[in-house]
Structures are given as C-alpha cells and as structure tokens.
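Report on the following structure.
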Amino acid sequence: TNIGTGTHNFEFSTRVLSGPGSVDDLAYSYDGNGVIRISVNSADETANTRVKFDVRDRFNPEIIGSGYFNYEIDNSGNHSIVIEEPPPLDYYTISFNTNGGTPIPPIGGYVGDSVGTVENPTKIGYNFLGWDNTLPLTIQDHDMELNAIWEPILYTITLNSNGGTPINSMSLRYNEQVSIPNPTRTGYSFVGWNPEPPERMPAENLSFVAQWTQNELTISFNANEGTGPSFTSKKVFYDSQYGTLPTTSRNGFNFDGWYTSISGGTKVIESDIVSNPDNHTLYARWVPSHGQLQWLSIDPTNNRSTFV
C-alpha cells in the first residue's frame, strides 16, 4: 500500500499474526504529518486478531518502522482497534510465517536475550523442513521474520481390480491430482471404484475396489435341418448359467443336444456357465433314429439285398 506523495512516499505492508481476521478487513490513510490512521471496513463478526505492520521508504526497501495492533468486530458490526505500545529501541522481535501451518507467536526481547525453545509448526499433508533462515539462539539487534518450508507427504493408493486386469499401487503427494486408469475384465463392464476416488490426494493412504456388471449376451439357436426351435434366441449374462434351452425335432433322427459348432465343438447343457464373452450361436446335433445300416448280402437270383 502506497501512502502519501512526493519525497515522503511510504510503502506500508501488514500481515495477520494470529486470529481469524484478514488484512482485507482494514483500510489505511496517511495525514501527511507522520500519522497513519487505521479503519475497519468490514461488519462481519471477527474475534480478536493481531496484525503486524511494516513501513518502508518507497526509495529504500529496508524497514524503517514496525508496530502491532489488535482489532475485533462484534456481532453488531461495531469494531475496536488497540495499538500496542511500541517496544524500546533495543527491543526486537522474531516473527514466524508458518505458510499455512499451525501459528507460532512472535518472540520479543532485548538484544542478547535467549530465544528459548520454538516448537516446529505442523501442517496437514506436509513435512516441516525448517525455516528459510537460521533461528538464532539469542535476540539479534534487528527484527527478523522466518518463513516455514514444507514438503508434501507421499501417500499410497492400493487398487484391487476384483478379477480384472491388475493395476499397480500408486504413490502421490498430498493434494496432487488423482487419476486412476480403468481395469478391464472379460465379459464384464467396469462401473467404477468403491469408494469413489477423490479429485486430489488427501493426507492418508487410500484403497479402492473395482466394481463390475456382467455383460448381457444374445444366444441364437440353429436347428441344423430340424424343425424351428421353440425359441430362436435368448438373453443371458456372461459368467451365468445358460438356463432353459429350446426344443426341436427332426424326422428320422434323435436330438443329441446343443453344441458350440455345427460339427465338433462342445456340448452345452442348461447348467453350464457362459464362458464366451461374445454373442454366439448354438447348433442342434442329430443322430439317426434307426441306427447305422449294414450291408449283409446280395442274392443275384432274385435281385434282393438284405440289410439289418
């Protein structure tokens, strides 16, 4: 935020240190005489929020002044602002920007005071790698701000294809986009994973099981010179029993059953499981009803032949 004009132009920046508020709730003005006025431009209820401000000369990037204030807004939209007393000249502060992690309150003290123990922040789905600058053991002769460095955690997705083509487990970092290939399975249609995968990787390992529906097939029946079968086709599900098969007849022949090809092939009965994933035809098979004729003898005197 630029405040003022001319050679006394300042750059003024703020940052929320603690509390639920936002820098967008605030507005600032400069009276030209070294006084910066703070106002609240939001009426939303907000609990106490602590804000740090830094002032820089527009032509010099170094901080020339810092301070702290607190504000809150009640449920009627009324606000209050409390400016903290400025610290002594040799009193300095170490501030912590946790970049979305758990907040760490600033540490203030006189030059040479012990900083003490600072607990590492935590952040869902991330490992804390440290600070962008070394945290000193004692208060230095200037204000400091340390920024947290994070690395997203690697999580595993385990996939059970449930009879389909196997899919290897996947490793994704927190908040990475989740994209899982679909498996295939003979005679079945893939209908999704259970549970439904999220769009982005959460902060936990995941497991999914493939869900399938049996494909519906059409079975046609060829009477193979017999009378039209009692029905010429039927619907069945892959990997289920054939169920009721049609009847047919042929003069001079006994019906031997339904086969997968017009000659040779495999005989199919009602309790057999459908293992052909495509629409297919079954063929009637016949055997003569009189048995096989055999030539026994020929009598040339009366032109008669005898068969049994």
Side-chain angles (χ1 to χ4, degrees), residues 155-172 177-199 201-202 204-296 305-308:
Y155 294 97
T156 300
I157 297 178
T158 302
L159 301 166
N160 179 355
S161 294
N162 194 18
T165 52
I167 299 179
N168 293 332
S169 60
M170 307 170 62
S171 295
L172 294 175
Q177 185 172 0
V178 175
S179 180
I180 302 175
N182 294 339
T184 59
R185 184 180 178 187
T186 300
Y188 288 79
S189 294
F190 177 70
V191 294
W193 295 99
N194 182 36
E196 183 178 355
E199 291 186 2
M201 193 67 191
E204 60 181 343
N205 296 324
L206 299 174
S207 296
F208 301 105
V209 179
Q211 304 297 296
W212 305 96
T213 56
Q214 294 164 288
N215 292 339
E216 188 178 52
L217 312 174
T218 299
I219 310 299
S220 301
F221 299 93
N222 183 331
N224 189 18
E225 300 187 31
T227 60
S230 54
F231 50 88
T232 58
S233 66
K234 69 177 294 187
K235 299 286 187 181
V236 297
F237 287 102
Y238 179 80
D239 214 17
S240 296
Q241 291 184 350
Y242 275 92
T244 302
L245 299 175
T247 57
T248 183
S249 62
R250 182 181 175 187
N251 289 333
F253 290 84
N254 292 327
F255 179 63
D256 185 44
W258 295 100
Y259 285 75
T260 57
S261 64
I262 201 164
S263 63
T266 303
K267 185 176 183 179
V268 172
I269 61 176
E270 294 182 351
S271 60
D272 282 344
I273 301 300
V274 179
S275 59
N276 185 340
D278 302 316
N279 298 329
H280 54 280
T281 300
L282 297 181
Y283 299 86
R285 183 70 54 84
W286 306 100
V287 294
S289 60
H290 50 67
Q292 186 175 359
L293 296 177
Q294 294 182 348
W295 188 280
L296 296 182
S305 300
T306 302
F307 299 90
V308 296

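For the atom pair OG of Ser249 and CZ of Phe255, the computed distance is 10.0 Å after rounding to the nearest 0.5 Å. Taken from CD in Gln241 to CG in Asp272, the straight-line distance is 8.5 Å, to the nearest 0.5 Å. Note that the CG atom of Asp278 and the OH atom of Tyr238 stand 9.5 Å from one another [nearest 0.5 Å]. Atom-to-atom distance recorded for Ile167:CD1 and Ile180:CD1 is 8.0 Å, nearest 0.5 angstrom. In this structure, Asn215 CG and Tyr188 OH are separated by 9.0 Å, a value rounded to the nearest 0.5 Å. Between the OG atom in Ser233 and the CG atom in Leu282 there is a gap of 11.5 Å [rounded to 0.5 Å].
Side-chain atoms of Pro183 and Trp212, non-hydrogen and from C-beta on, do get closer than 4.5 Å to each other. Counting only heavy atoms from C-beta outward, the side chains of Asp239 and Val274 never approach each other to under 4.5 Å. Lys235 places none of its side-chain heavy atoms less than 4.5 Å from the side chain of Leu217. Using a 4.5 Å heavy-atom cutoff, the side chains of Glu270 and Tyr242 are not in contact. A 4.5 Å side-chain heavy-atom check between Ser289 and Phe253 finds every atom pair outside the cut-off. Residues Met170 and Val178 form no side-chain contact, since every pair of their non-hydrogen atoms from C-beta on lies 4.5 Å or further apart. Considering only heavy atoms from C-beta on, Leu206 stays 4.5 Å or farther from Pro197 through its side chain.
Under a 3.5 Å cut-off, the side chain of Ser161 and the backbone N or O of Gly163 do not form any donor-acceptor pair. Within the 3.5 Å criterion, the main-chain N or O of Thr218 finds a donor-acceptor partner in the side chain of Asn279. In terms of modelled atom types and a separation under 3.5 Å, the side chain of Thr247 and the main chain of Ser230 share no donor-acceptor contact. Between the side chain of Trp258 and the main chain of Phe221, no donor-acceptor pair closer than 3.5 Å is present. Between the Asn254 side chain and the Val287 main chain, no donor and acceptor come within less than 3.5 Å of each other. At distances below 3.5 Å, at least one donor-acceptor pair connects side-chain atoms of Thr248 with backbone N or O atoms of Thr227. Of the possible donor and acceptor atoms, none in the side chain of Thr266 sits under 3.5 Å from a partner among the backbone N and O of Thr260. Side-chain atoms of Asn222 do not come within 3.5 Å of backbone N or O of Tyr283 as any donor-acceptor pair. The main-chain N or O of Gly264 is found under 3.5 Å from a side-chain atom of Arg285 such that the two form a donor-acceptor pair.
Taking both residues in full, the closest heavy atoms of Asn224 and Ile262 are given as OD1-CD1, 3.7 Å, listed atom of the first, atom of the second, then distance. Here the closest non-hydrogen pair linking Ala210 and Asn162 is O-ND2, 3.0 Å. Closest approach of Pro202 to Pro198, counting heavy atoms only: CD-CG, 4.0 Å. When all heavy atoms of Arg250 and Gly226 are compared, the pair lying nearest together is CB-CA, 3.9 Å. Heavy-atom minimum distance, Ala223 versus Ala284: O-CB, 3.3 Å. In terms of heavy-atom proximity, Asn160 sits nearest to Trp193 at O-CZ3, 3.6 Å.
No side-chain N or O of Thr213 forms a donor-acceptor pair with one of Ser189 less than 3.5 Å apart.
Environment of CD in Glu196: sparse, with no more than 12 heavy atoms of neighbouring residues, nucleotides or ligands closer than 6.0 Å.
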Taking it one step at a time, do Thr165 and Arg185 satisfy side chain to side chain contact (heavy atoms under 4.5 Å, CB included)?
CA-CA 6 Å; Thr165 52; Arg185 184 180 178 187; over 6 Å; no
For Val236 and Lys234: C-alpha separation, side-chain torsions, deciding distance, then whether side chain to side chain contact (heavy atoms under 4.5 Å, CB included) applies.
CA-CA 7 Å; Val236 297; Lys234 69 177 294 187; 3.8 Å; yes
